[in-house]
Amino acid sequence: MAWVLLCTLFVTGSCKEETAPEEEQMETKALVDIQKQGFGQLPDGKNVDLYVLTNASGVKASVMTYGATLVSLEAPDWEGRFADITLGFDSLEGYLSDSPYFGSTIGRYANRIAEGKFTLDGIEYTLAQNNGENHLHGGTKGFDKVMWSAEPVKMEEAGGVKFVYLSKDGEEGYPGNLTCTVTYLLTDSDELRITYEAETDKPTPVNLTHHSYFNLEGQGSGDILDHELMIDANEYTPMDEGLIPTGEIRSLEDTPMDFTTPHAIGERIDQVEGGYDHNFVLRGGGGTLILAARVHEPDSGRVMEVHTTEPGIQFYSGNFLDGSITGKSGKVYHKHYGFCLEPQHFPDSPNNPNFPSTILRPGDRYMSLTVFKFSAQNPRS
Ligand code: GLA
């Protein structure tokens with residue numbers, strides 16, 4: 001599979017730097033500050049740690065060991081005013097009880113698998129049906145709800161955290177012991193780079209992604225309908241009412257889902273039943289790092305680019321937010337108060353042989369990279 005090879009080459013480059021000899025790391029002055037602090041306790045008494053990463057321009061990303069979750073991301077607007085642009089909670093409790101995957105790492109399989117069933121090498125596997133009759137985001141206790149071990153990563157122009165989790169053979173119905181590594185790196189060029197790696201001892205589907213809800217005007221400040229979005233895709237995977245792909249790959253031309261040129265998210269959302277919650281097939285996606293999407297918020301001037309090695313991206317316009325969640329600083333999250341851009345393989349790929357394969361086999365290495373890049377531009381220029 002060409003994309004795996006290309007991806008391996010790309011990611012290996014950055015991994016080499018991470019594993020530089022100790023002396024070399026000592027001599028290198030990391031420009032990104034890394035602070036570790038407590039973020040509460042799980043009901044079983046386990047302590048959850050929060051790592052706060054701050055770069056030279058003041059961009060701050062906080063990630064915690066529960067769910068390898070991005071808890072906050074502070075970025076400047078065009079006048080240099082910082083705001084937290086991700087939805088979430090002030091303390092661990094909210095993440096344990098209420099969270100619709102705010103900032104989560106999603107696995108073992110992001111998105112849906114029809115009826116929680118697939119056949120691999122002649123064996124039928126049954127997974128949790130936690131979304132109607134379908135399987136969603138890894139099941140009832142997916143990677144977003146487990147504890148990850150963590151160690152800080154210091155590099156010359158970046159700093160971050162490497163999270164590791166062993167998903168045991170049979171967990172949530174999946175075959176094989178899967179060792180997963182998710183590394184968040186904040187760079188001095190205002191990028192949040194997320195690298196995913198995994199190895200297995202039995203063939204298994206793997207599809208990992210990141211599930212932050214963004215609002216580039218600041219979390220809780222209103223809906224995201226005025227954000228202008230570009231997605232570099234001219235095809236998508238149509239779905240049935242349960243949001244399961246029909247197997248077809250269809251053109252986006254002349255549909256309200258065509259974002260090849262920028263459109264405000266709200267401009268055509270009424271023409272899309274239920275709002276946006278679709279998998280876009282990225283042009284040239286799958287293997288090399290490409291620009292998949294760009295979002296611009298006109299008042300703050302904030303811009304977010306999403307680059308990925310994945311072949312698809314799920315664009316979700318926060319349709320299920322309904323005002324029942326009170327998040328950070330007491331803000332109530334209503335419908336469309338955040339959007340997600342989740343780079344991933346296509347939903348239900350294990351049941352669609354015409355989609356790029358998500359099967360990882362023993363001896364192979366799963367590699368994936370997503371980069372969120374932040375900037376701001378004067379809205380009047
Ligand atoms: C993904 C799915 C949505 C929804 C959210 C979580 O984005 O595609 O349908 O399940 O996760 O609420």
Side-chain angles (χ1 to χ4, degrees), residues 67-70 86-89 94-116 127-145 172 194 207-215 219 223-224 227 229 231 233 236-246 257 259 265 269 272-282 292-293 295 304 306 308 310-325 327 333-349 351-352 355 358 370 372:
T69 304
L70 179 70
T86 59
L87 277 57
F89 301 97
Y95 289 96
L96 299 181
S97 55
D98 254 354
S99 180
Y101 308 97
F102 287 153
S104 301
T105 293
I106 308 290
R108 189 179 294 202
Y109 197 97
N111 219 312
R112 293 171 177 80
I113 295 181
E115 295 175 26
L127 311 170
Q129 293 170 309
N130 60 323
N131 187 241
E133 58 172 13
N134 300 320
H135 177 83
L136 175 68
H137 292 340
T140 41
K141 194 175 179 190
F143 290 4
D144 58 299
K145 296 180 185 66
E172 297 293 319
I194 312 177
N207 187 26
L208 307 177
T209 195
H210 180 74
H211 206 296
S212 274
Y213 290 63
F214 294 97
N215 183 323
Q219 66 86 25
D223 65 49
I224 46 77
H227 287 47
L229 170 67
I231 303 179
Y236 75 116
T237 52
M239 306 157 300
D240 66 16
E241 350 33 272
L243 303 183
I244 295 293
T246 59
M257 271 123 47
F259 285 95
I265 292 173
I269 199 166
V272 182
E273 211 192 319
Y276 296 103
D277 196 355
H278 296 78
N279 170 58
F280 290 71
V281 178
L282 294 170
V295 191
M304 181 176 84
V306 187
T308 189
E310 287 296 306
I313 196 164
Q314 182 85 7
F315 167 47
Y316 170 58
S317 53
N319 315 323
F320 302 129
L321 297 173
D322 60 3
S324 61
I325 296 176
Y333 298 144
H334 298 282
K335 194 170 181 177
H336 305 315
Y337 264 43
F339 68 89
C340 304
L341 283 166
E342 309 157 46
Q344 56 191 246
H345 272 55
F346 307 169
D348 202 28
S349 298
N351 293 309
N352 285 280
F355 290 174
T358 52
T370 287
F372 294 99

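Values reported hereafter were calculated over all heavy atoms of this structure, with side chains retained and with hydrogens, waters and symmetry mates removed. None of these values were measured; they are calculated from a predicted model. All ligand and atom numbering here is 1-based and tracks the order in the structure. Index from 1, following the sequence.
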Asks: Please report whether ligand 1 has a polar contact with Asp277, defined as an N or O pair separated by less than 3.5 Å (distance criterion only).
Replies: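 The answer is yes, given that Asp277 and ligand 1 share an N or O pair closer than 3.5 Å.
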
Asks: Any nitrogen or oxygen of Asn111, main chain or side chain, under 3.5 Å from a nitrogen or oxygen of ligand 1?
Replies: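 No; the residue has no nitrogen or oxygen that sits under 3.5 Å from a nitrogen or oxygen of the ligand.
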
Asks: Can you tell me if Tyr213 has a non-hydrogen atom under 4.0 Å from ligand 1?
Replies: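 Yes; Tyr213 lies near enough to ligand 1 that a heavy-atom distance drops under 4.0 Å.
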
Asks: For ligand 1, which atoms have a heavy atom of Leu136 less than 4.0 angstrom away?
Replies: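 The list of qualifying atoms is 10 (O).
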
Asks: Find all atoms of ligand 1 within a distance of less than 4.0 Å from any non-hydrogen atom belonging to Gln314, and give their numbers and elements.
Replies: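 In order of numbering, the contacting atoms are 8 (O).
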
Asks: Out of all atoms in ligand 1, which are within 4.0 Å of some heavy atom of Arg112? Include the element for each.
Replies: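 Reading through ligand 1 atom by atom, the close ones are 2 (C), 3 (C), 8 (O), 9 (O), 10 (O).
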
Asks: Tell me, which protein residue and heavy-atom name are nearest atom 7 (O) of ligand 1, and how many Å apart are they?
Replies: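 Of the protein heavy atoms, Glu342 OE2, 2.6 Å lies nearest.
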
Asks: Quick one: pull up CG in Leu282 and CD1 in Ile313 and give me the separation to the nearest 0.5 Å.
Replies: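 Answer for the CG-CD1 pair, Leu282 versus Ile313, is 6.0 Å.
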
Asks: Tell me which one of Tyr213, Tyr95, Phe214 satisfies ring-ring contact (aromatic ring centres under 6.0 Å, His included) with Phe102.
Replies: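 The residue from Tyr213, Tyr95, Phe214 that satisfies ring-ring contact (aromatic ring centres under 6.0 Å, His included) with Phe102 turns out to be Tyr213.
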
Asks: If we count only N and O atoms by modelled type, under 3.5 Å, do the side chains of Asn351 and Asp348 hold a donor and an acceptor together?
Replies: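 There is such a pair between these side chains.
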
Asks: Assess the residue pair Tyr236 and Phe346 against the criterion (ring pair (Phe, Tyr, Trp, His ring centres under 6.0 Å)); give the C-alpha distance rounded to whole Å, side-chain angles, the decisive distance to 0.1 Å, and a yes or no.
Replies: CA-CA 9 Å; Tyr236 75 116; Phe346 307 169; over 10 Å; no

Asks: Would a line drawn from the ring center of Tyr316 to the ring center of Phe339 be shorter than 6.0 Å?
Replies: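 Between Phe339 and Tyr316, which both carry aromatic rings, the centre distance is not below 6.0 Å.
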
Asks: Would a 4.5 Å heavy-atom cut-off, applied to side chains only, mark His278 and Met257 as touching?
Replies: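 Side chain of His278 against side chain of Met257, heavy atoms only: contact under 4.5 Å found.
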
Asks: So if I count the atoms of ligand 1 from 1 in the order they appear, which ones are less than 4.0 Å from some heavy atom of Tyr101?
Replies: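 Counting atoms of ligand 1 from 1, those under 4.0 Å from Tyr101 are 6 (C).
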
